[in-house]
Amino acid sequence: MMRSDDRPVILWLRRDLRLTDHPALTAACAGGRPVIPVFILDDQVAALGAAAQWRLGQGLEVFARTLADRGSRLILRRGPAQEVLQALIAESGAGAVHWTRAYDPISRERDGAIKSALKAQGIDARSFPGSLLFEPWTVQTGTGGPYRVFTPMWKTVRGRDVAPPLPAPGRICAPEAWPVSDRLQDWALGTAMRRGAAVLAAHSAPGEAAAQDRLARFIDEGIARYEQRRDIPGVEGTSGLSEYLALGEIAPQRCWHAAFAARERGGAGAETFFKELVWREFAYHLMYHSPQILTGNWRSEWDDFPWNTDRSDPRVIAWTRGRTGMPFVDAAMREMYVTGRMHNRGRMIVASYLTKHLMTHWRIGMDWFAEHLTDWDPASNAMGWQWSAGSGPDATPYFRVFNPESQLAKFDRDGSYRRAWIAEGQVSPPDTALDYFRAIPLCWGLAPGDPYPAPIVSAQEGRRLALEAYQNRSVAGAHDGKT
DNA sequence: CTCACATTTGT
DNA sequence: CAAATGTGA
């Protein structure tokens, strides 16, 4: 009879496509047991936006090669996760299933059900940390509740120890026989991108090795000037790590330790970078403790606000296509279409413009981002949109409306961001700007030689309308709450 | 209870 | 400098 600790371990991979800093993998390899890495295409993966799905396909391709280089394999299966795992256990005689925790409500429900079902069959089903610096339940206010404001949470966690970097396992043992696997190309991940996929590919470097190169370059060249340059979208001042973190091609603790080791040289830049990593933690903290942040107003007094909810509104269409006539807004929307990412300042400005100037529901913007971002992350996306709309966990006064024109003057002084992404009106536009027209659906009927549109809603008029509506909301809200 | 304070701003 | 409420210690 087979002893239980000789039986294979199934390593169920999700958003953790890496070998380093991977506690679930390291534990699976301990004791020399065979490991069967598997990725499952279930409903949740199928529901990913087109760009995120495309990027996942790229990541899986690289990760499968990485495993193959070490004498292992990535098994691909399609179907409800629990059924797939049960089938694999039956086929392989596996005695354990390991995975890295996810924190969104759908995953938590699924994983919890799978864990109890497997345990009831005597399978050692175990979840591990790995995606966050701090598990959400280990961060509490003085009275034991969850944080709702960033700064107090930052002050609480900033001095904490972060798990040290964990090397890739020396050896990943293969099972005696490999279970059959789907072929990645048959999954056709991200084919909904159509023309966009070729353009995205030119702006993408998937995989753990690329992630670590990016981090190393940021620590060498970027971190010392991060504080000043991260706000200027026309220069490469950010870490550029978001999509690696989103897919788990790099772990946040590796980023944290790399910056910590460079803190002398990094100075204020290192501190700012730590803060940004903790913003990601804060987003997960909020999603874990109030999952409804993904679907409804975090502050319910916003439920009565007269948002525009018409996705076919011509002004909303103009926003999605980068044709609002506001160069900062349009440049950022096109950057996202071409690269799958958007500079953080761009994200704030397009979100402010959609929710305030166009008074359109943040959910419409959030959904558009989910469809077009390769670094899409449910927690950060929801937090960011609700923060911008004013319905989120933030005390921003309602009159704080970004002015897309003065923001351009402030943060794109030399016009390089605008020129990089908007072809119209330029004699010889750069490739980045032309890439937009190579990526968009032909039926949009846009060409680089078109005249650049006049503003659909001016900065001043949009601000006036938004303030008026927000002021009315305050009065109505006070009525509702205090009768 | 009190009191300090709140990412990213506009005019 | 506006301007006001919720958060957290």
Side-chain angles (χ1 to χ4, degrees), chain A residues 139-159 226-235 237-239 242 268-283 285-286 289-290 293 297-302 326 328-329 332 342-357 380-381 383-412 417 457-468 470-482:
Chain A
V139 180
Q140 291 180 332
T141 65
T143 53
Y147 279 103
R148 281 166 276 208
V149 175
F150 172 78
T151 304
M153 172 164 154
W154 160 247
K155 286 177 180 160
T156 294
V157 303
R158 61 180 299 182
Y226 182 63
E227 201 190 12
Q228 294 78 38
R229 294 174 38 115
R230 63 172 229 98
D231 249 340
I232 303 166
V235 303
T238 65
S239 75
S242 60
E271 182 83 351
T272 307
F273 183 59
F274 290 146
K275 264 192 176 170
E276 293 305 314
L277 289 174
V278 173
W279 268 99
R280 176 172 173 277
E281 301 284 315
F282 182 53
H285 184 83
L286 289 167
H289 292 289
S290 29
I293 195 173
N297 293 313
W298 191 82
R299 294 178 194 280
S300 57
E301 60 267 32
W302 286 82
M326 286 294 167
F328 214 146
V329 174
M342 188 191 290
H343 191 278
N344 179 247
R345 182 149 296 276
R347 296 189 200 214
M348 292 190 289
I349 289 164
V350 304
S352 174
Y353 192 77
L354 183 74
T355 57
K356 297 188 175 174
H357 291 78
S380 300
N381 202 24
M383 179 186 72
W385 274 97
Q386 295 227 42
W387 179 86
S388 294
S391 62
D394 181 67
T396 302
Y398 68 85
F399 49 82
R400 198 169 278 184
V401 179
F402 281 78
N403 182 325
E405 287 168 343
S406 51
Q407 286 279 313
L408 195 70
K410 241 186 232 168
F411 296 102
D412 192 39
Y417 187 59
V457 173
S458 78
Q460 293 73 22
E461 179 67 358
R463 178 186 166 79
R464 195 187 62 73
L465 289 168
L467 289 184
E468 202 175 279
Y470 281 61
Q471 233 145 13
N472 293 339
R473 173 207 66 94
S474 304
V475 174
H479 254 294
D480 281 358
K482 287 165 190 159

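All chains are named by letter (A, B, ...) in the order of the sequence lines, taking the proteins before the strands, and each is independently numbered beginning at 1.
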With a 4.0 Å cut-off on heavy atoms, is A:Gln140 in touch with a base, just the backbone sugar-phosphate, or nothing at all?
nothing
Can you tell me how far [atom2] of [N] sits from [atom1] of [X], to the nearest Å?
{"X": "A:Arg345", "N": "B:dT9", "atom1": "CZ", "atom2": "C1'", "answer": "10 Å"}
{"X": "A:His289", "N": "C:dT7", "atom1": "NE2", "atom2": "P", "answer": "15 Å"}
{"X": "A:Lys410", "N": "B:dT7", "atom1": "NZ", "atom2": "C1'", "answer": "14 Å"}
{"X": "A:Glu405", "N": "B:dT11", "atom1": "CD", "atom2": "P", "answer": "10 Å"}
{"X": "A:Lys356", "N": "B:dT9", "atom1": "NZ", "atom2": "P", "answer": "12 Å"}
{"X": "A:Arg148", "N": "C:dT5", "atom1": "CZ", "atom2": "P", "answer": "18 Å"}
{"X": "A:Phe150", "N": "C:dG8", "atom1": "CZ", "atom2": "C1'", "answer": "15 Å"}
{"X": "A:Tyr147", "N": "C:dG6", "atom1": "OH", "atom2": "P", "answer": "20 Å"}

Between [options], which nucleotide has the shortest distance from any of its atoms to the side chain of [X]?
{"X": "A:Asn403", "options": "C:dG8, B:dT8, B:dT11", "result": "B:dT11"}
{"X": "A:Arg230", "options": "B:dT8, B:dG10, C:dT7", "result": "B:dT8"}
{"X": "A:Arg299", "options": "B:dT8, C:dT7, B:dT9", "result": "C:dT7"}
{"X": "A:Trp298", "options": "B:dT7, B:dT9, C:dT7", "result": "C:dT7"}
{"X": "A:Trp279", "options": "C:dG6, B:dT8, B:dT7", "result": "B:dT7"}
{"X": "A:Thr151", "options": "B:dT7, C:dT7, B:dT8", "result": "B:dT7"}

Between C:dG6 and B:dG10, how far apart are the two C1' atoms, rounded to whole Å?
23 Å
If we take the P atom in both B:dT9 and C:dT5, what is their distance in whole Å?
22 Å
What's the spacing between A:Trp385 CH2 and A:Asn381 CG if we round to 0.5 Å?
8.0 Å
Please check if the side chain of A:His285 supplies one atom and the backbone of A:Tyr147 the other of a donor-acceptor pair under 3.5 Å.
yes
Do the side chains of A:Thr238 and A:Asn344 get nearer than 4.5 Å, heavy atoms only?
no
Heavy atoms, side chains only, cut-off 4.5 Å: are A:Glu281 and A:Val157 in contact?
no
Do you know which of A:Phe282, A:Trp279, A:Phe274 makes side chain to side chain contact (heavy atoms under 4.5 Å, CB included) with A:Trp154?
A:Phe274
Quick one: look up who C:dG6 pairs with, Watson-Crick or G-U, both distances under 3.5 Å, and put none if it's unpaired.
B:dC5
Could you check whether the side chain of A:Trp387 and the base of B:dT7 have a donor-acceptor pair of N or O atoms closer than 3.5 Å, going by distance alone?
no
State whether A:Glu276 and A:Arg280 are salt-bridged, where the test is any N-O pair (Lys NZ or Arg NE/NH1/NH2 against Asp/Glu carboxylate O) under 4.0 Å.
no
Any side-chain N or O of A:Gln460 below 4.0 angstrom from OP1/OP2 of B:dG10?
no
Hey, is the side chain of A:Arg347 poking within less than 4.0 Å of OP1 or OP2 on B:dT8, counting only N and O atoms?
no
